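Quick notes on the structure that follows.
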Amino acid sequence: MKRRSVLFAAVAVLTLSASAALAQAPIVIKFSHVVAPDTPKGKGADKFKELAEKYTNGRVKVEVYPNSQLYKDKEEVDALQLGAVQMLAPSLAKFGPLGAKEFEVFDLPFILPDKASLRKVTEGPLGKRLFAKLETKGIVGLAYWDNGFKIMSANKALREPADFRGQKMRIQSSKVLEAQFRALGAIPQVMAFSEVYQGMQTGVVDGSENTPSNMFTQKHHEVQKYATLSDHGYIGYAVIANKRFWDGLPADIRGQLDKAMAESTAFANESAQKDNDDALAEMRKSGRIEFITLTPDQKAAWRKALDPVWTDMASRVGKDVIDEFVKETKAATN
Ligand code: LMR
């Protein structure tokens, strides 16, 4: 009898301590991304980790995996849907293969006048509408993060549209970007971000478009002779989570994570411009690459050559989406 009650007591203690351990085991969020830590997105992810762990008193642990350490461009979206990772921040140009083609509106050449008008879209009804598209894919959109305006790099000086003829240009997986390069007479080639440096080095591609911060941190300036400061397009991100995971979080935890997300978004968006300015300055200082500024006439020729992309892509992206984008950004500039 005595022995039995000792046994019961031991089992009770074990059960209690096991459930206490379970109660204390942190919820782990794996946040995977493809860029270097020292970039707008890399810094935003690290800031989210810091704030999420702080606001939840360690009940949430965020593991950030930068530089395609876990997954490359396409794989990471599959991994999110399968629940192998819980958070990502893919570039807006990478949602087409998922079936959310409307995101490619951000890729239309010269669609964005400036960053101030961008906020009208990302923080307005269109931004919400785009996120709603993700819900049916098992994904929840949490925030939009900035990178910046793109420049065009190659081993040839790209001044006039004709200079693009026959150039093999790496693109992200966006049909609008494909159309953009075809309109210039170039040969677009989808390639994962982590493979671009080697692609340039070995001549698989001749050039690419990206932001200065992405180019610099991947050392593209060491394997490209020229970059044109064209600001012809924009790279930004949708921070997304696996919907089942996110909806299943205890409400108090989700509230704290929302707060961490709001603050890391403000942080990422405030520092992105400086990151790009600094990266450009570093690349200039390196002397490894020559920067080209377009004359007003050359810029006008780029615009003219790229104009048809809007019409050609209207059926893919949605004319209504394009119109709403333009209306919202115009309202901001007026
Ligand atoms: C790219 O693939 O070129 C970039 O958009 C990568 C990134 O996430 O910034």
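Order of listing sets the numbers, starting from 1, for every ligand and every atom in it. Quantities reported herein were computed from a predicted structural model and do not represent experimental measurements. Below, all heavy atoms of this structure are taken into account, side chains as well, without hydrogens, waters or symmetry copies.
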TODO: Would you indicate which of Lys72, Lys150, Lys94 comes nearest to atom 6 (C) of ligand 1 when only heavy atoms are counted?
DONE: Lys94

Task: Val35: numbered ligand 1 atoms lying under 4.0 Å from its heavy atoms - done: 6 (C), 7 (C), 8 (O), 9 (O)

TODO: Have a look at ligand 1 and work out which part of Thr211, if any, has a heavy atom under 4.0 Å from it: side chain, backbone, both or neither.
DONE: neither

Task: Heavy atom of Arg170, distance to ligand 1 below 4.0 Å - done: yes

Open item on the list: Quick check: Asn147 and ligand 1, any N/O pair under 3.5 Å apart?
Closed with: no

Open item on the list: Can you tell me if Glu209 contacts ligand 1 (heavy atom of the residue under 4.0 Å from the ligand)?
Closed with: no

Task: Protein contact to atom 9 (O) of ligand 1 [nearest heavy atom, distance to 0.1 Å] - done: Tyr237 OH, 2.5 Å

- [ ] Output the list of atoms in ligand 1 that are nearer than 4.0 Å to some heavy atom of Ser91, sorted by atom number.
- [x] 5 (O)

Residues 26-37 side chain polar contacts: donor-acceptor under 3.5 Å, at least two apart:
{"from": "His33", "atom 1": "ND1", "to": "Val35", "atom 2": "N", "distance (Å)": "3.3"}
{"from": "His33", "atom 1": "ND1", "to": "Val35", "atom 2": "O", "distance (Å)": "3.2"}

- [ ] Measure from the ring center of Tyr144 to the ring center of Phe131 and say whether it is less than 6.0 Å.
- [x] yes

TODO: Mind checking whether Lys41 contacts ligand 1 via backbone (N, CA, C, O), side chain (CB onward), both or neither, at a 4.0 Å heavy-atom cut-off?
DONE: side chain

Open item on the list: Are Phe325 and Phe106, when compared by the centres of their aromatic rings, separated by less than 6.0 Å?
Closed with: yes

Open item on the list: I'd like to know if the side chain of Ser174 pairs up with that of Asp107 as donor and acceptor (distance under 3.5 Å, no hydrogens or angles considered).
Closed with: yes

Task: ligand 1 versus Asn210: contacting region, heavy-atom distance under 4.0 Å - done: side chain

Task: Nearest-neighbour protein heavy atom for atom 5 (O) of ligand 1, which is reported as residue plus atom name and distance - done: Gln172 OE1, 2.9 Å

Task: Nearest protein heavy atom with distance in Å, relative to atom 4 (C) of ligand 1 - done: Asn214 ND2, 3.6 Å

- [ ] Scan residues 146-156 for pairs that pass salt bridge (Lys or Arg N to Asp or Glu O under 4.0 Å), counting only residues two or more places apart or in two chains.
- [x] Lys115-Asp146, Arg119-Asp146, Lys150-Glu209

TODO: Indicate whether the side chain of Asn210 and that of Ser153 have a donor and an acceptor atom separated by less than 3.5 Å.
DONE: no

TODO: Considering only NZ, NE, NH1 and NH2 on the basic side and carboxylate oxygens on the acidic side, decide whether Lys54 and Glu50 come within less than 4.0 Å.
DONE: no

- [ ] Find all atoms of ligand 1 within a distance of less than 4.0 Å from any non-hydrogen atom belonging to Val34, and give their numbers and elements.
- [x] 6 (C), 8 (O)

- [ ] Hey, can you tell me if Phe110 and His232 have their rings parallel, tilted or perpendicular (30° and 60° cut-offs)?
- [x] perpendicular

Open item on the list: Treating Gln273 as the side-chain partner and Gly148 as the backbone partner, does any N or O pair qualify as donor plus acceptor under 3.5 Å?
Closed with: no

